[in-house]
Amino acid sequence: MTSSSKASGKESGASGSENKRSAPRNSGTPALADTILDGLSDRQKEAASYTDGPLLIVAGPGSGKTRVMAHRLAYLTGSEGVPPYRILAVTFTNKAARELRERCQRLVPTAADQLRVFTFHSFCALMLRFDGEYVGLKQGFTIYDDDDQARVIRRILQEMDIDPKQFPVGQLRSIISSSKNKNILPPAFQQNAETYREEVAGRVYEKYQEALSRSNAADFDDLLLKAFQLLENQPEILDKYQRRYEHILVDEFQDTNPLQFNIARLLAAKHKNICVVGDPDQSIYSWRHADPTNLTDFRATFPDAKIVTLDQSYRSTQVILEAADAVIANNEDRMEKTLWTENPRGDRVSVAEVYDEEGEARAVINEVDRLVKQHDLSRDQIAVMYRINAQSRSLEVACNRSGVPYRLVGGVKFYERREVKDILSFLRLVLNPADDAALERIINVPARGISDRSVTELRRAAATHETPLLDAVLSVQDEKNPLGVSLSKRAANSVVAFAELVERLVEQSLSLQPQELIDLAMERSGYVRWLQEDKETGEERMENLRELRGSAEQYSGGDPREQLAEFLENVALVSDVDGVRTGNPFAATQADVGQEAITLITLHQAKGLEFEAVFMVGMEEGLLPHSRSVEDPAQMEEERRLCYVGMTRAKRWLYMLHTFQRRFRGSLSPSMPSRFLMELPEPLVNAQTVRSRASQTETRKDEMWSRRAAMAPAAARSASQPGLEFAAGDRVRHSHFGEGVVVSVKAVPGDVEATVAFSGNGVKRLMLGFAKLERSGAGVGADSGSSSTSEKGGE
DNA sequence: GAATTCATGATTTTT
DNA sequence: TCATGAATTC
């Protein structure tokens with residue numbers, strides 16, 4: 001987010017030297033064009049100002065991609081005179097969209113107001129809001145999230161009497177999702193079903209689509225799928241959008257899936273002014289059906305496309321770039337590209353082993369401390385990156401313990417909180433009475449005497465009449481009970497009360513603004529009282545609802561139902577909220593807005609960001625690469641790209657940590673250093689720079705630091721020559737146990753174990769890969785200097 | 001019908 | 001370990 005400030009200084013130097021070569025190829029106003037492109041390198045200028053048709057920009061990390069895109073937009077509007085509203089800029093994530101928007105805002109404030117940057121999903125939702133009727137979506141349709149999807153599928157399994165254990169909901173969901181992204185609809189799916197499982201999945205898929213259709217709902221994939229169908233089948237609508245958008249810009253192209261590419265392709269078919277930007281080495285979303293072959297497809301679709309490669313990094317030091325390149329070079333399936341930089345050589349990459357995740361967190365914090373003190377680094381410029389969210393826990397705990405302010409990115413999303421979803425479900429139901437998933441969610445929340453059995457009966461009645469669940473609810477209220485719902489008197493009373501609640505909300509939705517409707521829903525549903533009774537989490541959840549109310553406030557002033565629809569759409573498509581702090585129990589020192597804080601973030605989310613110092617933690621087999629990826633070479637390559645993304649976030653300092661053992665799912669297990677660490681060229685690595693002060697003040701044996709030697713495939717080493725470094729009888733010294741004599745050395749899986757008799761400390765068994773063992777007297781050890789820079793401040 | 005306990009099971013990344 | 005769903009008790 002702060003990349004521009006840092007990058008600009010260097011980039012202006014780059015452009016100054018070679019400014020005279022190319023006059024702008026387009027007439028326009030050369031003077032103006034020069035100003036707009038000022039500060040860009042030649043390559044960047046080329047990318048920003050090429051407007052003669054399809055353009056593919058391959059942009060390595062730190063090559064100023066967003067900068068170029070922003071300048072391109074400025075160039076189009078400023079120099080080429082394209083009205084901003086005739087440009088369609090699409091990105092993959094909200095974050096990327098926001099960043100691009102902000103960049104443009106700074107560059108061309110006037111045009112930026114008219115320029116809209118969409119995510120694919122939000123753009124599709126927009127098209128469907130106007131013309132969804134053509135593809136079976138009525139006004140005010142609901143967007144179903146994963147949770148709703150799961151709910152629908154679970155119910156279908158119930159109806160079909162399928163055991164969810166044999167057909168896990170999650171699995172079915174991903175089958176359905178991937179089918180949609182390949183444009184395979186239920187009939188085709190069933191046609192191609194070969195196995196019994198596929199056949200069942202096909203039936204579930206079919207039922208699922210029927211359910212969504214009846215509920216006037218679309219899941220995330222439907223947004224893309226239906227938008228595509230709309231454009232493909234309705235020439236006049238396609239024409240409308242083709243005319244409207246003279247230029248199309250697609251960011252993070254490597255993350256788009258075939259469906260998204262097809263949408264872009266259709267939209268661009270007329271003008272052919274399509275510019276896509278991406279880096280195949282940073283494709284980390286294949287699990288969401290992103291398909292990096294889109295890049296090759298792009299060239300096939302637009303054979304005359306111009307290709308510009310941005311391979312100068314303005315971000316990282318040479319060492320970091322080389323290290324990252326060495327890792328990514330191990331990917332077979334890859335468009336070769338080597339980054340270079342004029343930046344300084346820089347420090348080596350610090351690789352260190354720590355005892356466990358606690359030690360890991362301590363080491364990070366101590367080093368953060370040192371960076372802040374010795375290099376006057378702002379904590380804003382420091383990030384800790386990890387593979388899975390669960391890893392943030394130990395870091396948070398440690399930050400809290402030592403009072404280091406931090407900012408946790410991601411985690412439990414605000415809009416995914418239970419209470420938030422509950423209240424939103426009331427609003428959803430108000431807007432779309434067919435929204436069964438919403439109804440099911442809140443029919444008995446808070447408890448109002450409608451049991452599961454009653455709900456089942458309601459569902460049965462609704463199903464036999466093929467009508468929304470709410471109709472069954474209303475039927476109970478009706479004396480004639482047209483749907484023939486059969487309930488006990490008591491249950492019926494409860495249902496009637498609920499029906500009245502919904503009716504009242506619907507009535508009021510005509511006149512109340514969204515936030516007022518939230519108030520009403522909270523009050524009338526008994527939610528407020530319910531939370532008040534809950535001493536444990538009630539207050540916190542209430543706070544979240546106040547927050548929700550606050551976020552609804554900006555959707556007021558217009559037609560209430562319109563505003564409500566917009567609010568709900570936004571909520572569905574924008575999962576993160578700016579400035580909303582997560583109310584997690586560790587949030588004691590979670591930083592306030594504006595306070596300098598280190599960033600805790602997953603590798604995925606870190607894409608596109610940069611920091612002076614980056615700590616990659618959990619560099620272990622099973623974590624990075626993730627255990628789920630080890631079997632499949634393609635997935636393994638994606639893990640490597642993920643590693644690459646992490647490494648290339650660092651400007652000056654890169655740390656890669658792994659533990660000796662890690663607590664995982666409750667139990668302790670030994671960890672193996674990530675294979676990616678072994679792909680780092682030795683001369684670029686320093687295994688001794690990180691030190692934990694805690695190791696001195698607390699139990700010293702807590703922390704043990706590995707030598708680079710430990711990274712070499714230990715099994716191979718020990719098999720051929722066990723005890724390469726030590727043999728029985730050697731006199732050794734250990735940092736903690738002191739002087740001793742090696743009793744025996746033997747190979748164990750992944751390492752070499754030495755049994756050493758220490759004078760005064762007894763006999764210990766040590767892993768040579770991890771233990772800090774030196775030959776005593778001879779002093780040959782690879783890292784005899786045990787003191788390091790950071791110890792100075794720590795004492 | 002609701003609350004409590006118990007069991008189980010699942011754990012990547014995001015729109 | 002933690003969260004969610006099912007079984008059991010009130």
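Keep in mind that the numbers below use all heavy atoms, side chains included, and drop hydrogens, waters and symmetry copies.
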Novice: Return the 5'-most residue of the pair A:Arg448, A:Glu416 with respect to DNA chain B, ranking by each residue's nearest nucleotide.
Specialist: A:Arg448
Novice: What heavy-atom pair brings A:Ser174 and A:His289 nearest, and what distance separates the two atoms?
Specialist: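 Shortest heavy-atom contact: O-CE1, 4.5 Å.
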Novice: Could you state the CZ-P distance from A:Arg453 to B:dG1, rounded to the nearest angstrom?
Specialist: 7 Å
Novice: Over all strands shown, is A:Arg641 touching base, sugar-phosphate only, or nothing at heavy-atom distances under 4.0 angstrom?
Specialist: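 Contact class for A:Arg641: none.
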Novice: Is there a stack between A:Trp287 and B:dT13, judged by ring centres under 5.5 Å and planes under 30°?
Specialist: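 Here the ring of A:Trp287 and the base of B:dT13 are stacked, with centres under 5.5 Å and planes under 30°.
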Novice: Should A:Asn444 be listed as having a side-chain N or O under 4.0 Å from OP1 or OP2 of B:dA2?
Specialist: yes
Novice: Measure the distance from CG on A:Asp255 to P on B:dT14 and round it to the nearest whole Å.
Specialist: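 For the pair A:Asp255 CG and B:dT14 P, the rounded distance is 12 Å.
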Novice: Under a 3.5 Å threshold, yes or no: a donor from one side chain and an acceptor from the other, between A:Glu620 and A:Thr659?
Specialist: yes
Novice: May I have the distance from A:Arg173 (atom CZ) to B:dT13 (atom P), rounded to whole angstrom?
Specialist: 13 Å
Novice: Rounded to whole Å, please give me the gap between CG in A:Leu624 and P in B:dT13.
Specialist: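 Spelled out: CG on A:Leu624 to P on B:dT13 is 13 Å.
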Novice: B:dT13, OP1 or OP2 - any side-chain N/O from A:Asn389 closer than 4.0 Å?
Specialist: yes
Novice: Given atom CD of A:Gln171 and atom P of B:dG9, what is their separation to the nearest angstrom?
Specialist: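 These atoms are roughly 15 Å apart.
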Novice: Encode nucleotides 1-10 of chain C as B, S and - characters from 5' to 3', where the letter depends on protein heavy atoms closer than 4.0 Å: B to the base, S only to sugar-phosphate, - to neither.
Specialist: BS--S-----
Novice: For the rings on A:Phe615 and A:Tyr386, is their centre-to-centre separation under 6.0 Å?
Specialist: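 No: the rings miss the under 6.0 Å criterion.
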Novice: Scan residues 489-498 of chain A against DNA chain B and write down, sorted by residue number, each residue with any heavy atom closer than 4.0 Å; if none is found, say none.
Specialist: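 Nucleic-acid contacts, sorted: A:Arg490, A:Ala491.
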Novice: Would you write out the dot-bracket form of DNA chain C, 5' to 3', with Watson-Crick and G-U pairs under 3.5 Å, [ ] for crossing pairs, | for pairs to other strands and . for unpaired bases?
Specialist: ||||||||||
Novice: In whole Å, I'd like the distance from the CG atom of A:Leu126 to the P atom of B:dT15.
Specialist: 18 Å
Novice: Can A:Asn262 and A:Arg265 be counted as having a side-chain donor-acceptor contact under 3.5 angstrom?
Specialist: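 Yes - a donor-acceptor pair under 3.5 Å links their side chains.
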Novice: Which nucleotide wins on minimum distance to the side chain of A:Ser454, given the candidates B:dT15, B:dT13, B:dG1?
Specialist: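 The answer is B:dG1.
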Novice: Would you check if there is a donor-acceptor pair between the side chains of A:Ser177 and A:Asp221 at a distance under 3.5 Å?
Specialist: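 The criterion, which ignores hydrogens and geometry beyond distance, is satisfied for A:Ser177 and A:Asp221.
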Novice: Using modelled atom types only, decide if a donor and an acceptor are shared between the side chain of A:Arg101 and the backbone of A:Val117 within a distance under 3.5 Å.
Specialist: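 Looks like yes, one N/O pair under 3.5 Å.
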Novice: Is there a donor-acceptor contact under 3.5 Å linking the side chains of A:Glu638 and A:Ser286?
Specialist: yes
Novice: Just how far is it from atom CG of A:Asp436 to atom CZ of A:Arg428, taken to the nearest 0.5 Å?
Specialist: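 The CZ atom of A:Arg428 is 10.5 Å from CG of A:Asp436, to the nearest 0.5 Å.
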Novice: If only side-chain N and O atoms count, and only distance matters, is there a donor-acceptor pair under 3.5 Å linking A:Ser454 with A:Ser451?
Specialist: yes
Novice: Side chains of A:Tyr415 and A:Asp145: any donor to acceptor distance under 3.5 Å?
Specialist: no
Novice: Verify whether one side chain among A:Thr91 and A:Thr119 offers a donor that lies under 3.5 Å from an acceptor in the other.
Specialist: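 There is no such pair (donor and acceptor under 3.5 Å, judged by atom type) between the side chains of A:Thr91 and A:Thr119.
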Novice: Calculate the interatomic distance between A:Asp452 atom CG and B:dA2 atom P; express it in whole Å.
Specialist: 9 Å
Novice: Go nucleotide by nucleotide along DNA chain B from the 5' end; which of A:Ile450 and A:Gln605 gets its closest nucleotide reached first?
Specialist: A:Ile450
Novice: Any idea which of B:dA2, B:dT11, B:dT15 is nearest the A:Asp146 side chain?
Specialist: B:dT15
Novice: What integer distance in Å separates A:His626:NE2 from B:dT11:P?
Specialist: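 About 10 Å, once rounded to whole Å.
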Novice: Taking the side chain of A:Ser451 as its heavy atoms from C-beta onward, which of B:dG1, B:dT11, B:dT14 lies nearest to it?
Specialist: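 Closest nucleotide among those given: B:dG1.
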Novice: Check A:Lys180, A:Arg151, A:Lys226 against A:Asp219 for a salt bridge (Lys or Arg N to Asp or Glu O under 4.0 Å) and give me the one that passes.
Specialist: A:Lys180
Novice: State, with a plain yes or no, whether a side-chain heavy atom of A:Arg541 is found less than 4.5 Å away from one of A:Trp530.
Specialist: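 A:Arg541 reaches A:Trp530 side chain to side chain.
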Novice: Students often get this wrong, so: under 4.0 angstrom with heavy atoms, is A:Phe120 touching a base, only sugar-phosphate, or nothing?
Specialist: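 No contact.
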